[in-house]
> 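Here it is: the structure, laid out below.
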Amino acid sequence: MRLKISCELTSDKIPADYRRKVVSVMKAGLSKSNEEKYKEMYSGNKQKNFTFSVYLPKPVFNGTVIELEQKKLVINFATADAELGINYYNALMNVRNKLLPFSTMNQIRVKDIKIVREEPIVSDRIAFKTLSPIVCRDHNKETRKDWFYWWEEDAFEAILKRNLYFQLRDKFGEYVKDDIEALQFKKVAIKKTVVVCYNLHVACSLGKFELVGQPYLLNHFVQGGIGSMRGMGFGMIETI
């Protein structure tokens, strides 16, 4: 399920760490429309099986502040879980036309929510572009520290595939491991970017790439994102 959420702002300035503000809008709506689902999603460290990206009109980055050409933005939301998608659709409808805090310098109003039609992937070789950066995170359970890798680093593909297996084995079963290992990532035009998220500087990958693999996996990545931290606005891709 894919949503396009058009929003208005009261100011043309937003914080550089804006993804957490988008999450707060979703949480505000979900807490009112379905308190049980809200607790399920945000009480504890639950895997978020959705992704989103934010379109900013001609942004100018000035340190901790981003200046926009217009006082608006568009949130693109995607999930492979139809039931979860309906919950977030209802959550956003719950706050539609309501003025919500977005930062100390701004407020946001959800104006329009559209369901976007999706074309299924039937090929085993597809070119993609990132709508939000791909995060490859290696989490050390003992130290509770994270290390982030971008596309050109040697450990990137192995860690990404390991994470994909942990994310997808419950849904697709143990056999998904072989299909994930068989995935081929081919760079087209990828660059490194560093994004601030919850005051953490995250190294990630942005651009165009080709992916060869089973169509059911390629469809899942388009529908629900790829990589880590998807629920915080990373890993959203579309076909090109």
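Keep in mind that the numbers below use all heavy atoms, side chains included, and drop hydrogens, waters and symmetry copies.
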> Identify the two heavy atoms, one from I75 and one from C7, that lie closest to each other, and give their separation to 0.1 Å.
CD1-SG, 3.9 Å

> Taking the six-membered ring for Trp, are the ring centroids of F221 and F128 within less than 6.0 Å of each other?
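Between F221 and F128, the centre distance exceeds or equals 6.0 Å.
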
> Does some side-chain heavy atom of K161 sit less than 4.5 Å from a side-chain heavy atom of E181?
yes

> Can you tell whether the side chains of E152 and K192 come within less than 4.0 Å, N to carboxylate O?
no

> Could you pull out the closest heavy-atom pair between M236 and N76, with the gap in Å?
SD-O, 3.4 Å

> Flag the pair E35 and K39 as a salt bridge only when some basic side-chain nitrogen lies within less than 4.0 angstrom of an acidic carboxylate oxygen.
yes

> Is the shortest distance from a Lys or Arg side-chain nitrogen in K129 or E238 to a carboxylate oxygen in the other one below 4.0 Å?
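Salt bridge flag = yes for E238 with K129.
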
> Under 6.0 Å from the six-membered ring centre of F102 and within 45° of its axis: does the NZ or CZ of K21 meet both?
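So K21 doesn't make the cation-pi contact.
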
> Give a yes or no on whether a salt bridge exists between D81 and K171, defined as a side-chain N under 4.0 angstrom from a carboxylate O.
no

> Side-chain heavy atoms nearer than 4.5 Å, only ILVMFWY residues, links allowed to pass through others: does that put L168 and M1 together?
no

> For the residue pair F50 and R230, establish whether any side-chain heavy-atom pair is separated by less than 4.5 Å.
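F50 does not reach R230 side chain to side chain.
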
> Are more than 12 heavy atoms, taken from residues, nucleotides or ligands other than K72, located less than 6.0 Å from that residue's NZ atom?
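No, NZ of K72 has 12 or fewer neighbouring heavy atoms, counting only those of other groups under 6.0 Å.
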
> Do we see a donor-acceptor contact under 3.5 Å between the side chains of N87 and N34?
yes

> Assess the residue pair K111 and N97 against the criterion (side chain to side chain contact (heavy atoms under 4.5 Å, CB included)); give the C-alpha distance rounded to whole Å, side-chain angles, the decisive distance to 0.1 Å, and a yes or no.
CA-CA 6 Å; K111 294 297 294 180; N97 289 322; 3.2 Å; yes

> What orientation do F156 and F185 show, parallel under 30°, tilted 30 to 60°, or perpendicular over 60°?
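The rings of F156 and F185 stand perpendicular, inter-plane angle above 60°.
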
> Given 3.5 Å as the limit, does a donor-acceptor pair link the side chain of T130 with the main chain of G207, or not?
yes

> Using the rule that Ile, Leu, Val, Met, Phe, Trp and Tyr join whenever any side-chain heavy atoms are under 4.5 Å apart, tell me whether L131 and V202 fall into a single cluster.
no

> Using side-chain heavy atoms (C-beta onward) and a distance below 4.5 Å, is K37 in contact with E83?
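Contact flag for K37/E83 side chains = yes.
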
> Measure the CD1-CD1 distance between I126 and I237 for me, rounded to the nearest 0.5 Å.
10.0 Å

> Taking a hydrophobic cluster as the set of Ile, Leu, Val, Met, Phe, Trp and Tyr residues connected by side-chain heavy atoms closer than 4.5 Å, whether directly or through intermediates, do L9 and V60 fall within one such cluster?
no

> Could you tell me if the ring centre of F52 sits under 6.0 Å from that of F77?
no

